Number of protein chains: 2
Amino acid sequence: MTSSKTPNKSADESDVNAALESGRRRATINDIARLAGVSKKTVSRVINQSPFVREETRVRIEAVIAEWGYAPDPQARGLAFRRSFLIGMIYDNPNPQYVVNMQLGLLDGMRGSGFELVVHPCDRSSPTFLQDVRMFIERQKLFGVVLPPSVSEDERVADLLRDIGCEYIRIASVPLDEEEHMIVGHDRLGAQAMGEHLVSLGHERIGFITGLPSFRSSHERRGGFEDALAKAGVKLDPDYVVQGAYTFESGLACGEALLAKTPRPTAIFAGNDEMAAGVLQAARRAGLTVPEDLTVVGFDDFQIAQAVWPPLTTIHIPTREVGRMAAEKLIAREGYEPGDPAKTIPYLVTRESSAPPKKV
Amino acid sequence: MTSSKTPNKSADESDVNAALESGRRRATINDIARLAGVSKKTVSRVINQSPFVREETRVRIEAVIAEWGYAPDPQARGLAFRRSFLIGMIYDNPNPQYVVNMQLGLLDGMRGSGFELVVHPCDRSSPTFLQDVRMFIERQKLFGVVLPPSVSEDERVADLLRDIGCEYIRIASVPLDEEEHMIVGHDRLGAQAMGEHLVSLGHERIGFITGLPSFRSSHERRGGFEDALAKAGVKLDPDYVVQGAYTFESGLACGEALLAKTPRPTAIFAGNDEMAAGVLQAARRAGLTVPEDLTVVGFDDFQIAQAVWPPLTTIHIPTREVGRMAAEKLIAREGYEPGDPAKTIPYLVTRESSAPPKKV
DNA sequence: GAAGCCCTTGACACCGGTTTCCACTCCCTT
DNA sequence: AAGGGAGTGGAAACCGGTGTCAAGGGCTTC
């Protein structure tokens, strides 16, 4: 009798209310249906914004929902939908600040949507990598996944996702997929801006430290830089381009290598801030003052760019904004408009580490 | 007919197999039961390691499970258990490296357990903070949550969790709760080690920059430091203790304040690495060389400690290890042993920023 | 005035597990 | 041989939602 399924507005309603109020049981769709005097299916329709509910009924049910603070159980809903309300972030980017900013951005985009973020760092070189990713997605029946670099650049992953029919957004420096699966970061434009900046300061003999070749951004950054120089009629001497690894240590080593060259470059553009910090240290060891003797610039505008001396001129990447747009795109929120692509474009931040070259 | 529930080893088995193999349908508990010729309840018993299954039956079922790569659906299981297989990390720690290391540690401890990590940054000063946390936990029916500082220090949160009966682990520098809910970080011991280090180098006039008073660790670090000095017969002059905010900028400001004092301190112990980096910059502006003119040390051993010049002597906190232990404790994994508390104790890392004071 | 259609609504099965309850073996007593 | 208790397995209900399909009411249409 207690679990009578027919709407019974008088009988055990007080009974149920008591159970709800006193016991700390949360309201279920059945409670709402009973309290509103409709079937659970109708409540379900309201929850899912079905248009086939009379306005009057909808208002009444919504009132009951609001009154009892009802929220549908994501597990039950997911079970019936054959899909969870979880978004996965699969990443192997080693930079904590990038990772955290991206997480914050994704959460920004998911706020109030009922989705939650499940983080999944990974190792692309592991032999079980693809299998792990597949298990992660299939077991949890993820609604979708976001792939920041460099996982985003792995076609095996994209193929897998298409294969198992999981929604995904790739965040990369260049388009790699159809538009609905991409957020493009335009590292190239950022590097161009930096090239223009250095040229405008009057530098002509510029050293460049590339990032890991396994990261697409490395090539984009170098390419954009070369573009800008070429446009200004300055040539990037291949001899002044060295291979870094996006780490502080590699920046130090590459910086030392570049500073050992004759003639010495008047400026060094490192592929990211950490390497630029390494170059600063190399400059210091070499007895050079930045920016008087040497201009050093980075890319990313992470915290380290402001924590070193002198603070680095760098390219700011709006990671959090990118993340927000990625999440919104993925869950295609109501009222979602494609978002302003301009907001994802990196831009120059001028600080104290760059200056015109010394007059000779 | 297709969904006959009686074990029917011959009839439509091939039928079902086909559906499983050809269609990309994953195996369910019903499939396993049919294939093994038992009821789903028995399979359930095997999954949940019930002792009331004959060895022979268990082996047979496990073979079928392995053969088909069956894994129970966390959503369905969660629905029946009234509890999800999600662990929440609720945090407001502003340091990306701490956050990422903690996440990695938690994931280490959860690996292979079937649990997943859901991240939930928060703002403790928000008026809806507690309500948000409650909604997050109740809606997702979280299995448990991990609370790093400073959320871990908020008694309102702990009360809430006890109230709604959610498992939790607090990670804090001092015990705040019963043992089963705590992982203690012993910041005090770390600060003591640093105090001993500075004293052993011969410093006696030492400046100290505290962290935010709202962080328990700030007081622990200061307390541990004072303990060590006291034990060595050195007094910490309150005039040489200034209030920082755990940020680079505050370190810069506090460093300048300390360096303006007469007589100048011969060493400055900053409550974390970022502030120490700020002090380095203040020293540089004051024309001082580190460590010759001034010893500067930090706490945390984050990346920045190695990226500045000179690299910072600091206290390493095994955050990832702490996270791993927290997760293991939370899910009380099979074969879980309390873990070696010694592994969570911070220790001194000596780099180039500390040296004996200049002979006067 | 009956047929046809649209709009609303509800009954019922189902998603993939667990729990409750009961029946049926064994096996050992008496 | 009857009686019991532990060990083992199954049927059915349940967790809290959604999909399918059919039915009721009001309206138009011929």
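Letters A, B, ... are given to chains in the order of the sequence lines, protein chains preceding strands, and every chain is numbered from 1. Nothing here was measured: the structure is a model prediction, and the numbers come from that model.
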Atom-pair distance ([atom1] on [X]; [atom2] on [N]), nearest Å:
| X | N | atom1 | atom2 | result |
| --- | --- | --- | --- | --- |
| A:Ile65 | D:dG17 | CD1 | C1' | 13 Å |
| A:Phe85 | D:dG17 | CZ | P | 11 Å |
| A:Arg83 | D:dG17 | CZ | C1' | 17 Å |
| A:Glu56 | D:dG25 | CD | C1' | 14 Å |
| A:Asp31 | D:dG17 | CG | C1' | 13 Å |

### Task
Not counting sequence neighbours, which residues clear salt bridge (Lys or Arg N to Asp or Glu O under 4.0 Å) with A:Asp159? List them please.
A:Arg162

### Summary
Sequence neighbours excluded, the answer for salt bridge (Lys or Arg N to Asp or Glu O under 4.0 Å) partners of A:Arg58 is A:Glu55, A:Glu62

### Task
Compute the bend angle of the helix from C:dG1-D:dC30 to C:dT30-D:dA1 from the end axes (five pairs per end), rounded to 10°.
60°

### Message
Give me each pair satisfying salt bridge (charged side-chain N to carboxylate O under 4.0 Å, His left out) with a member in residues 72-93 of chain A, each pair once, sequence neighbours excluded.
### Response
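Passing the test, one end in residues 72-93 of chain A: A:Asp73-B:Lys141, A:Asp92-A:Arg124.
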
### OP1 or OP2 of C:dT8 under 4.0 Å from side-chain N/O of A:Thr42
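False: A:Thr42 side-chain N/O out of range (4.0 Å or more) of C:dT8 OP1/OP2.
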
### Message
With a cut-off of less than 4.0 Å, is there a side-chain N or O of A:Ser39 near OP1 or OP2 of C:dA11?
### Response
no

Sequence neighbours left out, what passes ring-ring contact (aromatic ring centres under 6.0 Å, His included) with [X]? Give chain and number order.
| X | result |
| --- | --- |
| A:Phe115 | A:Phe85, A:Phe143 |
| A:Tyr91 | none |
| B:Phe136 | B:His120 |

### Message
Do the side chains of A:Arg170 and A:Glu155 get close enough for a salt bridge, i.e. N-O under 4.0 angstrom?
### Response
yes

### Summary
Contacts of B:Ser125 meeting side chain to side chain contact (heavy atoms under 4.5 Å, CB included) (sequence neighbours excluded), chain-then-number -> B:Asp123

### Query
If the sugar-phosphate is the primed atoms plus P, OP1 and OP2 and the base is the rest, what is the B/S/- string for nucleotides 15-25 of chain C, using protein heavy atoms under 4.0 Å?
BBBBB------

